[in-house]
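Heads up: the structure comes next, in structure tokens.
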Amino acid sequence: MSKVDVLLGLQWGDEGKGKIVDVLAPKYDVVARFQGGPNAGHTLEFDGIKHVLHQIPSGIFREKTKNVIGNGVVLDPIVFRTEIEKLQKFNLNIKGNLFISKKATLILPTHRLLDQAQEKAKGDNKIGSTLKGIGPTYQDKIGRQGLRVGDILSENFIEKFKKLTGIHFNILKDHDIQYNWPELEKQFLDAVHFLKEFKLIESEYFLNNELKKGSSILAEGAQGSLLDIDFGSYPFVTSSNTVSAGACTGLGIAPRNIGEVYGIFKAYSTRVGSGPFPTELLDEQGELMRKQGNEFGSTTGRPRRCGWIDLPSLKYSIMINGVTQLLMMKADVLNIFPTIKVCTKYQLRDGSVTDMLPYELVNEKITPIYTELKGWNASLSDISDISMPAELSQYIDYLQAELGVPITLISTGPDRTQTVYRQAINV
Ligand code: GDP
Ligand code: IMO
Ligand code: MG
């Protein structure tokens with residue numbers, strides 16, 4: 001029996017998961033998304049074209065890879081239809097290679113309206129949600145009243161839909177949210193019709209059968225560990241388990257069938273939306289990082305907050321996920337920085353120093369303690385592991401020693417080809 005490898009972000013999302021899943025996909029028979037939904041924006045670049053995927057797994061461009069949307073995902077049929085239509089001109093075998101769990105939960109247009117209403121009601125404490133309906137849809141799932149993909153095949157789907165939207169309208173009437181329901185309803189029901197043409201399956205059987213056959217499976221995380229509903233900077237988090245354990249519940253894979261856990265991180269940090277960010281740079285250096293890294297949200301276009309790398313939070317993510325290999329992204333963004341700072345510890349309000357994340361992360365005043373390393377001040381186009389600038393090697397060696405997990409891959413640009421293996425990744 002083979003194993004499921006898991007690839008996930010160790011920071012606040014947007015680490016470059018889409019690029020690396022696309023790079024690794026030829027090694028895998030199956031790529032599967034296990035949580036999140038259209039709040040994700042996973043960017044892939046090759047042949048001079050940039051693609052952003054929201055719900056479709058990032059193995060879709062590889063002819064031989066099967067792609068699964070697992071039961072832990074929340075799926076918006078309208079977004080799904082738009083995504084598929086955008087891909088149509090690339091002549092991919094999507095109908096043959098895409099499998100959708102009947103147990104994935106449906107995002108209804110009213111979930112998006114509720115997301116807006118909830119954010120508005122929070123005023124200054126808003127989460128900075130992508131407003132894709134993620135929170136309200138997971139609320140309905142946990143509240144045992146959600147609709148699932150499999151329900152669209154049932155005769156009384158419209159009845160179920162009307163019942164749930166009725167509950168939502170009752171809540172919405174107390175909020176000042178404008179919408180044109182007949183239009184939204186039509187758009188949704190048309191998209192549901194479209195969704196019926198795809199392979200709607202019991203994905204837990206499908207995936208476990210693939211394992212029995214010896215197929216290799218890569219689980220593709222969305223968001224990042226610091227946005228996890230249990231372990232992230234609550235309440236400034238998303239509504240799913242983004243950590244490796246989420247791959248078990250989100251796909252129906254037993255814990256003992258998890259193999260490698262690839263942890264992806266940027267050579268610095270970013271965050272989009274509200275919430276604590278200890279190493280955030282609010283000065284021109286942060287501005288420079290944003291410019292160099294083109295740090296604008298793939299889903300919402302919002303500018304991402306930028307700052308130095310944060311070892312206490314990375315160590316925490318590595319611990320929770322059981323990371324076996326680290327992949328460092330966007331090294332090239334630091335090319336022009338003469339000095340690179342690394343946060344090694346936090347000083348708390350009472351003067352104590354720690355390398356642990358305090359429970360009161362949201363209300364605690366954290367002062368990062370930095371170590372400085374010399375920058376490489378060189379372009380990274382055309383580098384290999386052997387020709388790497390000495391200062392970049394030192395940076396990688398330093399991080400690896402601090403984090404205690406091998407850094408096996410370095411990404412030096414958005415394109416598929418801008419990838420340097422420090423160690424072969426064998427599947
Ligand atoms: P994801 O959500 O984790 O898939 O990441 P996003 O796609 O939201 O954000 C990552 C952004 O960085 C995208 O625009 C990628 O094209 C880009 N990117 C990925 N790897 C690199 C890299 O090594 N260098 C640079 N400069 N950009 C990269
Ligand atoms: P990928 O998969 C970065 C953030 C939002 C907000 C919080 C809650 O591309 O890395 P939600 O819409 O889930 O209710 O928003 O989480 N967020 C992300 N940030 N990357 C993502 O996905 C994100 N998905 C959600 O900005 O702060
Ligand atoms: Mg993203």
Side-chain angles (χ1 to χ4, degrees), residues 7-21 36 39-45 50 52 54 126-130 221-228 231-233 236-238 242-243 262-318 321 326-337 340-343 346 357 361-362 366 368 370 375 380 395 399 403 407 410-414 418:
L7 180 144
L8 41 78
L10 300 179
Q11 296 161 320
W12 285 282
D14 303 329
E15 296 88 351
K17 299 173 291 293
K19 167 180 166 165
I20 297 299
V21 171
N39 49 349
H42 293 183
T43 315
L44 293 68
E45 250 185 81
K50 179 171 157 173
V52 182
H54 299 287
K126 71 177 181 357
I127 308 291
S129 158
T130 61
Q223 291 75 58
S225 303
L226 303 176
L227 289 171
D228 180 90
F231 300 106
S233 43
F236 299 99
V237 292
T238 191
T242 60
V243 295
Y262 304 111
I264 300 214
F265 67 101
K266 284 179 189 173
Y268 50 100
S269 306
T270 65
R271 175 165 201 164
V272 59
S274 337
F277 182 178
T279 61
E280 181 171 16
L281 291 168
L282 296 166
D283 56 9
E284 62 283 0
Q285 282 201 309
E287 198 59 55
L288 193 57
M289 264 181 207
R290 187 172 310 116
K291 190 160 158 270
Q292 291 298 112
N294 191 22
E295 295 294 358
F296 295 89
S298 314
T299 298
T300 57
R302 290 178 291 178
R304 295 178 182 143
R305 300 154 66 192
C306 297
W308 296 114
I309 202 163
D310 176 342
L311 296 186
S313 69
L314 276 177
K315 285 178 185 170
Y316 183 75
S317 296
I318 289 169
N321 288 303
L326 287 166
L327 318 180
M328 187 173 95
M329 309 300 290
K330 304 192 89 159
D332 55 299
V333 174
L334 299 184
N335 286 355
I336 57 164
F337 286 83
I340 292 173
K341 288 194 185 183
V342 176
C343 167
Y346 299 151
L357 259 63
L361 192 59
V362 173
I366 292 175
Y370 288 110
L380 299 184
Y395 186 53
L399 295 178
L403 299 171
I407 301 178
I410 307 292
S411 175
T412 59
Q418 294 169 301

| said: Quick check against the 3.5 Å criterion: does K330 have a side-chain atom that pairs as donor or acceptor with the backbone of G16? | reply: no

Main chain of D14, side chain of R304: is a donor-acceptor contact present, judged purely on distance under 3.5 Å?
no

Looking only at heavy atoms, the pair that brings H42 and A40 closest together is NE2-CB, 3.7 Å

Interatomic distance, OG@S298 vs CG@N39, rounded to 0.5 Å, equals 12.0 Å

Practice task
Give a yes or no on whether the backbone of G297 and the side-chain of T300 come within a donor-acceptor separation of less than 3.5 Å.
Solution key: no

Tested for salt bridge (charged side-chain N to carboxylate O under 4.0 Å, His left out) against E295, the lone hit among K266, R305, R271, R290 is K266

Across all chains, not counting sequence neighbours, the side chain to side chain contact (heavy atoms under 4.5 Å, CB included) partners of Y370 are T279, W308, K341, C343, P368

Fill in: E287 side-chain N/O to Q285 backbone N/O, donor-acceptor pair under 3.5 Å
no

K315 vs L403 side-chain heavy atoms within contact, under 4.5 Å: yes

query = Are the side chain of D283 and the backbone N or O of G286 linked by a donor-acceptor pair below 3.5 Å?
reply = yes

side-chain contact (heavy atoms from CB on, under 4.5 Å) test vs S233 passes for just one of L227, L357, D228, L361, namely L361

query = Would Q292 and I336 satisfy side chain to side chain contact (heavy atoms under 4.5 Å, CB included), going step by step from the backbone distance to the final call?
reply = CA-CA 9 Å; Q292 291 298 112; I336 57 164; 3.6 Å; yes

CG of L226 to OG1 of T238, rounded to nearest 0.5 Å, is 13.0 Å

Using side-chain heavy atoms (C-beta onward) and a distance below 4.5 Å, is P278 in contact with D310? yes

Here the gap from T270 atom OG1 to L281 atom CG, rounded to the nearest 0.5 Å, amounts to 12.0 Å

Any Y268 side-chain heavy atom under 4.5 Å of V333 side chain:
yes

Nearest heavy-atom approach of P276 to F236 is CD-CD1, 4.0 Å

Sorted by chain and number, sequence neighbours left out, ring-ring contact (aromatic ring centres under 6.0 Å, His included) with F231 holds for none

| field | Check: I309 main-chain N/O paired with Q11 side-chain donor or acceptor under 3.5 Å | value | no

Separation between OG (S313) and CZ (F265), nearest 0.5 Å, reads 11.0 Å

Determine whether K19 and S411 make a side-chain contact, defined as any pair of heavy atoms from C-beta on separated by less than 4.5 Å. yes

query = Does Y395 reach the main-chain N or O of I340 with its side chain, forming a donor-acceptor pair under 3.5 Å?
reply = no

Is it the case that the side chain of T242 and the backbone of G224 share a donor-acceptor pair, with hydrogens and angles ignored and the cut-off at 3.5 Å?
yes

Test item: L10 and L326 side chains (from C-beta on) under 4.5 Å apart, heavy atoms:
yes

**Message:** For a quick check under 3.5 Å, do S225 and N321 share a side-chain donor-acceptor pair by atom type?
**Reply:** yes

Distance col, row K17:NZ vs L7:CG, nearest 0.5 angstrom, shows 8.5 Å

Taking the side chain as every heavy atom from C-beta outward, state whether L399 and L311 have any atom pair closer than 4.5 Å.
yes

